[in-house]
Amino acid sequence: MNKRVALSVLILGIFAYGINYGTAFANSIEERNRPEKACSEEFEKYRKKLDDRVLKDIVKSYSLDLSGFQEFTNRELDLKVGDSMNDHSGQISLQHLFVGGSIGSMRLFLENGLEGTRGYFLYKRVDGNNVLKVLNKMGNIWVVMTVDEKKAEKLEQQPFNWDKCAD
């Protein structure tokens, strides 16, 4: 009987130690890998600053005037649950533009929003060249009318240092 009690206490002790050790270990990994809110906010500022520099460079190289244009992100073009594809074919026809890589974000500007008939899709290729795609709306579908690429500076960007958030 004493052997059973001793064995039960030993097993219970090992089990309790394992749970506490596992929980402590899991928490330390989670805390180490989770970016702090302040660091996430700093990254967003870094990203916005880069996007602004890229947009300024592209607008300057093409002498564009974006007043009267509304900017749309890829996420804003996503259909919502219950939306009919037929009613939103214009949005769907724009989504393919956001495929591929770029320095900074790819930017979509539509004159008078989705109801308009003219737009620009702007981005800086990974090699540094600026790209302007002129869009026109034909019926409900947006069509790329011209693609112009200009040699431009490859903006040097320092990678964001996430390690400073690990402390």
Side-chain angles (χ1 to χ4, degrees), residues 28-167:
S28 65
I29 289 174
E30 180 183 338
E31 287 173 10
R32 190 171 60 236
N33 290 336
R34 183 186 71 220
E36 295 298 322
K37 182 179 180 185
C39 203
S40 295
E41 289 170 0
E42 189 175 329
F43 174 74
E44 286 305 315
K45 287 178 191 174
Y46 163 83
R47 186 170 171 199
K48 182 175 178 2
K49 189 175 177 182
L50 174 65
D51 284 348
D52 290 346
R53 284 180 50 212
V54 168
L55 181 62
K56 185 177 179 181
D57 182 55
I58 296 171
V59 167
K60 182 180 174 186
S61 69
Y62 289 105
S63 301
L64 293 175
D65 178 12
L66 295 176
S67 56
F69 285 77
Q70 182 181 348
E71 184 172 6
F72 288 86
T73 64
N74 192 17
R75 180 164 281 173
E76 291 171 324
L77 297 174
D78 288 343
L79 297 182
K80 310 295 182 268
V81 174
D83 284 348
S84 166
M85 290 179 69
N86 293 334
D87 296 338
H88 296 87
S89 55
Q91 285 174 245
I92 295 168
S93 67
L94 291 166
Q95 291 175 333
H96 78 281
L97 295 170
F98 289 92
V99 175
S102 66
I103 296 175
S105 298
M106 295 177 169
R107 313 286 289 265
L108 172 64
F109 294 90
L110 302 177
E111 190 174 37
N112 300 319
L114 288 167
E115 302 306 316
T117 59
R118 188 170 72 116
Y120 299 123
F121 187 72
L122 311 169
Y123 64 99
K124 183 175 277 293
R125 285 181 18 155
V126 176
D127 65 5
N129 290 349
N130 292 335
V131 178
L132 164 67
K133 293 183 179 186
V134 177
L135 311 170
N136 282 349
K137 193 173 186 181
M138 298 185 162
N140 291 331
I141 306 297
W142 288 92
V143 178
V144 176
M145 301 306 286
T146 61
V147 178
D148 189 16
E149 184 173 331
K150 286 191 177 182
K151 192 92 172 139
E153 271 187 58
K154 184 175 182 178
L155 295 177
E156 292 301 320
Q157 57 187 11
Q158 297 297 322
F160 188 76
N161 183 8
W162 285 102
D163 291 338
K164 64 184 173 185
C165 302
D167 295 336

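On a predicted model such as this, the values are computed, not experimentally measured, just so you know.
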Are any of the side-chain heavy atoms of Phe109 and Leu55 separated by less than 4.5 Å? yes

Between the side chains of Lys124 and Asn130, is a donor N or O closer than 3.5 angstrom to an acceptor N or O? yes

Leu66 to Val59 - nearest heavy-atom pair and separation: CD1-CG2, 3.8 Å

Parallel, tilted or perpendicular: which fits the ring planes of Tyr120 and Phe69, with parallel below 30° and perpendicular above 60°? parallel

Report yes if the side chains of Met145 and Leu135 come closer than 4.5 Å at any heavy-atom pair, otherwise no. no

For Ser93 and Trp142, work out which heavy atoms get closest and say how close. OG-N, 2.9 Å

List for me each residue that meets side-chain hydrogen bond (donor to acceptor under 3.5 Å, both in side chains) alongside Glu71, sequence neighbours excluded, and say none if there are none. Arg107

Does Leu114 reach the side chain of Gln91, with side-chain heavy atoms less than 4.5 Å apart? yes

In the structure I gave you, are the side-chain heavy atoms of Leu97 and Leu94 within less than 4.5 Å of one another anywhere? yes

What distance do Glu76 atom CD and Gln95 atom CD have between them, rounded to the nearest 0.5 Å? 12.0 Å

NZ/NE/NH1/NH2 to OD/OE distance under 4.0 Å, Lys48 and Asp52: yes

Out of curiosity, Glu115 CD to Lys137 NZ, how far, rounded to the nearest 0.5 Å? 5.5 Å

Any donor and acceptor pair, going by atom type alone, linking the side chain of Lys150 with main-chain N or O of Ser61 inside 3.5 Å? yes

Any non-hydrogen side-chain atom of Asn136 less than 4.5 Å from a side-chain atom of Val143? no

Side chain proximity check, Leu108 to Leu77, heavy atoms < 4.5 angstrom: yes

Does any part of the side chain of Val131, heavy atoms only, come nearer than 4.5 Å to the side chain of Phe121, both counted from C-beta? no

Would you name the heavy atoms of Ala152 and Asp57 that are closest together and state the gap between them? CB-OD2, 4.0 Å

Under the 3.5 angstrom rule, does the side chain of Ser105 hit a backbone N or O of Asp51 as a donor-acceptor pair? no

Is it true that a side-chain atom of Glu149 and a backbone atom of Asn129 form a donor plus acceptor pair closer than 3.5 Å? no

With a 4.5 Å limit on heavy-atom distance, are the side chains of Ile58 and Leu132 in contact? no

